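In the text below, chain A, chain B and the rest are named by the order of the sequence lines, each starting its count at 1. From a predicted model like this one, the values you see are computed outputs, not experimental measurements.
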Amino acid sequence: MSQDRYNAKATEQKWQKIWNNAAVFRARMEEGKPKAYVLEMFPYPSGRIHVGHTRNYAMGDVVARYKRAQGYAVLHPMGWDAFGLPAENAARERGEHPGTWTRQNIEAMKAQLGVMGLSLDWSREIATCDPDYYQHQQALFLDFLEAGLAYRKEATVNWDPVENSVLANEQVVDGKGWRSGAPVEKRKLTQWFFRITAYADDLLESLEGLARWPDNVRLMQENWIGKSYGAQWTFALEGSGNPEAQKGLEVYSTRPDTIFGMSFCAIAADHPLAQALAQENPQLADYCREVAQSSTMQADLDTAEKTGFDTGLKAVNPFDPAHKVPVFVANYVLMEYGTGAIFGSPAGDERDFEFARKYGLPIKTVVAPEDSANPESFDADAKGEPFAGKGVVINSEFLNSLTSDEALEKVIDEFETRGLGTRKVVYRLRDWLISRQRYWGCPIPVIHCEACGVVPVPKDQLPVALPEDVTFDKPGNPLDHHASWKYVDCPKCGKAARRETDTMDTFVDSAWYFTRYCDNTAETPTNREATDYWLPVDQYIGGIEHAVLHLLYARFFARAMSKTGHLDVKEPFQGLFTQGMVCHETYKSADGRWLYPDEVEYKDGKAVERGGGAPVTVGAVEKMSKSKRNTIDPEEIVEQYGADTARWFMMSDTPPERDIEWTQSGIEGAWRYVQRLWRLVDEALPHLPATGAAPPDDFSDEALSLRKATHKTVKAVTTGIEHFHFNTAIARCYELASEIGARAHAGLDAPGAGFAVREALEALTGLINPFMPHLAEEIWQKLGHETLMVETPWPTFDEALTVDDAITLPIQVNGKKRGEIEIAPDADNATIEALALEDEGVKRAMGGKAPKKVIVVPKRIVNIVI
RNA sequence: GCCCCCUUGGCGGAACUGGUAGACGCAUGGGACUUAAAAUCCCAAGUCCGAAAGGACGUCCCGGUUCGAGUCCGGGAGGGGGCACCA
């Protein structure tokens, strides 16, 4: 018999054309069907699709195709996160406009995605750099502005000296810019913010309801929002007539229960009081300047010594007028958190302890560990280290012998009764700084007028489009350098005014793009009919690196857009799945150059350079990166093995949330399976009954056993896909293929064998379809069907055919397996026990002793205790 | 420093609420087909002892709970991640 090898490339192109011509992936709102919005995080158009993208989209495609087969109306769109700095850098390097570069990249990447056979609705494609998109973002900004969710303020901000722009807190990683890696500087600038803190509590509380989010992402957001509970109150100050000092000193603390241990107060260098006092005291002014200039880099902060400058002022303990402590300006107090002022209770805080030791301040222990034998005698100073935990309060007058938590409440009650302070919740989360001094982003649609102030651009004048004729020859914002763009008349008074030249953080673009897919032609940012139907996203898939940044911003946007009437959904992503990265071995030549995988081959188990044969050092398995050259080009893989093989390989073996190691032998294993299925159908086909043939009355044991294997596999693969256990689902597909092969080999003459094999092949085709859609179509057609696999419902199973007539029950003696018995699944315990005690291995192990106890776990195990 | 997660053969990994540890794949060894190779098919395989039957040991380490622990509890080691002068 002639055995053609499966021609992946030609076959895949054929089916892609058929799908496209039939527009099968066009999403439609359908009455009477459940909907499924499946979304993968859209890519930045860097120029090439890499394997990481491929894995991400393949996963989404499995879900989308599965849901489609399950009868859902599916929305599975794709677009481009197209604004951003790399385009400006490219423009500078090649003299090409960022838009030209970006659009070329989009075209190239779209073609690369095309060969993957993804079930995407390209009619909904969006690119965030397109005025059709960003004009709506500008409209949203204006609505946020009106609703008080966008505002401008002067603040100390993170300045990235490489990008020549400011960054949001979320974009500063270890004191460095998230993209440039340059140490971030502090600058005081007037910038635009989104009031994300207005939703701090809601963003935190709602995390609990996100049952289909990974725990670690929820935890990371929880930590990022950083809710803390404490008190805020004001100390009276003595020793200065300065008006700022007359106001007293407002502090925030999560441990007001330690107030009697106070030995100093400290304020930030940029605290208004510090600034006011510096006016009168040149030495203090110098100190403040020094602190302001000191590095904020993490490494420096860790080693930096705590320093302080005694202002000469005294703060008075409101509960003990005789208890007065010095007020310092200190370098470790931050203006941005709480009130920018603290009280120092050294026995209970590491930093305060260090500070107190340095300046010879008293260290009075006020909290003893709960398990202290004699709390009164506990002394942190004597011990040489602070005790920061909670416990029993000592040396604290009316708080004595209370637990820390009780004392906390009591002291706050006291503050409130005396009108000195209040309970207060403080969040670590800051408002989202969205101004960027860049060209390639969405312009902030406001105009600055000397007479009228900040004037919103009227909506009918949107978009505020980026000018095309810009130059990148000098540092700074090209929009600001542009000869005419910013000079406009005030929309309100008509006098000469200036456009805002800042553009929005690109994370704004991605904070709402998923709403635009619902109707990318809507005249307003969203079409409510469409968003009400499709949102929330049922399954979102992307990298863990966005756990805080993008995912938090999108959650904020859903709230802000709901408040301004653009949406009616608080949580945009019902299900979230974070997939692992794609890794590969690294290779180095004898002279220390990194080598690409295709420059290396294995000979006799040793890695050598292809061609020359020079020895190669095999390094660690690491995330694919250009710098280490351990990359695989998805295009080449598809060219050689086809998209199905690549998809199958990426979904098998490794659970999707973990990092996967790309191996040559792995991809070849997947390729063998493709060929094997193809051959299986080829060989069996002549012996099979026609499509749709009625089941015969009689089945041989072998045929029945194949049928059971089929129905069990359908059940297992279905639940596997539901739970993102793609690797185990695929393992079951391997097993079923083996069963079919064994049956086909044994001949198809037995009663019902032909029917069982056809049934098995058709089911298997349906099961592999989400993973290998082209092969599935081809096999489906080969099996005699005229319908498209993509429009075929998901295989079903008969529960009765998933249970066995006889099960194997292991028998343990004292917890060690000594034998097994075959028994009907519904056998009663007495029968099982009797049979178990007769087993040869069991008898041997019991050595003639009588059982003390026999434990029978139905359908599981028998344990005999002697 | 604080918080979270992980650790199973030569490798990737399976094992539902405590119930046969190692499914499936990769690599390996043996065999079949072939002049030969490739491709394909079949078989073997946790480690140790044993010709075999069988036995002992075995899920990072130590201890505990249980008839029974990869799974639960306590302590420790190693790896990964998040946050971090956050008051």
Could you work out, with side chain to side chain contact (heavy atoms under 4.5 Å, CB included) as the rule, every residue matching [X], not counting sequence neighbours?
{"X": "A/S228", "answer": "A/Y252, A/T254, A/Y337, A/V426"}
{"X": "A/T728", "answer": "A/H725"}
{"X": "A/A388", "answer": "none"}
{"X": "A/P214", "answer": "A/N216, A/V217, A/L576, A/T578"}

Report, one pair per line, the protein and nucleotides 78-83 of chain B atoms (nitrogen or oxygen only) whose separation is under 3.5 Å.
| residue | atom | partner | partner atom | Å |
| --- | --- | --- | --- | --- |
| B/rC83 | O3' | A/R428 | NH1 | 3.0 |

Among [options], the one nearest [X] by side-chain distance:
{"X": "A/E735", "options": "B/rG13, B/rA23, B/rU20", "value": "B/rA23"}
{"X": "A/P655", "options": "B/rA23, B/rG12, B/rA14", "value": "B/rA14"}
{"X": "A/I855", "options": "B/rA14, B/rG19, B/rC24", "value": "B/rG19"}
{"X": "A/S228", "options": "B/rC41, B/rU20, B/rA87", "value": "B/rA87"}

*Looking across every strand, which nucleic acid part, if any, lies under 4.0 Å from A/V865 by heavy atom: base, sugar-phosphate, or nothing?*
sugar-phosphate
*Quick one: label A/K852 by what it contacts on the DNA or RNA (base, sugar-phosphate, nothing), any heavy atom closer than 4.0 Å.*
nothing
List for me each residue that meets ring pair (Phe, Tyr, Trp, His ring centres under 6.0 Å) alongside [X], sequence neighbours excluded, and say none if there are none.
{"X": "A/Y332", "value": "A/F355"}
{"X": "A/F235", "value": "A/W233"}
{"X": "A/F797", "value": "none"}
{"X": "A/F353", "value": "none"}

Can you name the atoms? Protein N/O to nucleotides 47-54 of chain B N/O, anything below 3.5 Å, with the distance.
| residue | atom | partner | partner atom | Å |
| --- | --- | --- | --- | --- |
| B/rG54 | O3' | A/R844 | NH1 | 3.3 |

Nucleotide N/O of nucleotides 26-29 of chain B paired with protein N/O under 3.5 Å:
| residue | atom | partner | partner atom | Å |
| --- | --- | --- | --- | --- |
| B/rC26 | OP1 | A/R672 | NH2 | 2.9 |
| B/rC26 | O2' | A/S665 | OG | 3.0 |
| B/rA27 | OP2 | A/R672 | NH2 | 3.3 |

_Strand-adjacent residues in residues 264-272 of chain A, judged by heavy atoms under 4.0 Å from RNA chain B_ = none
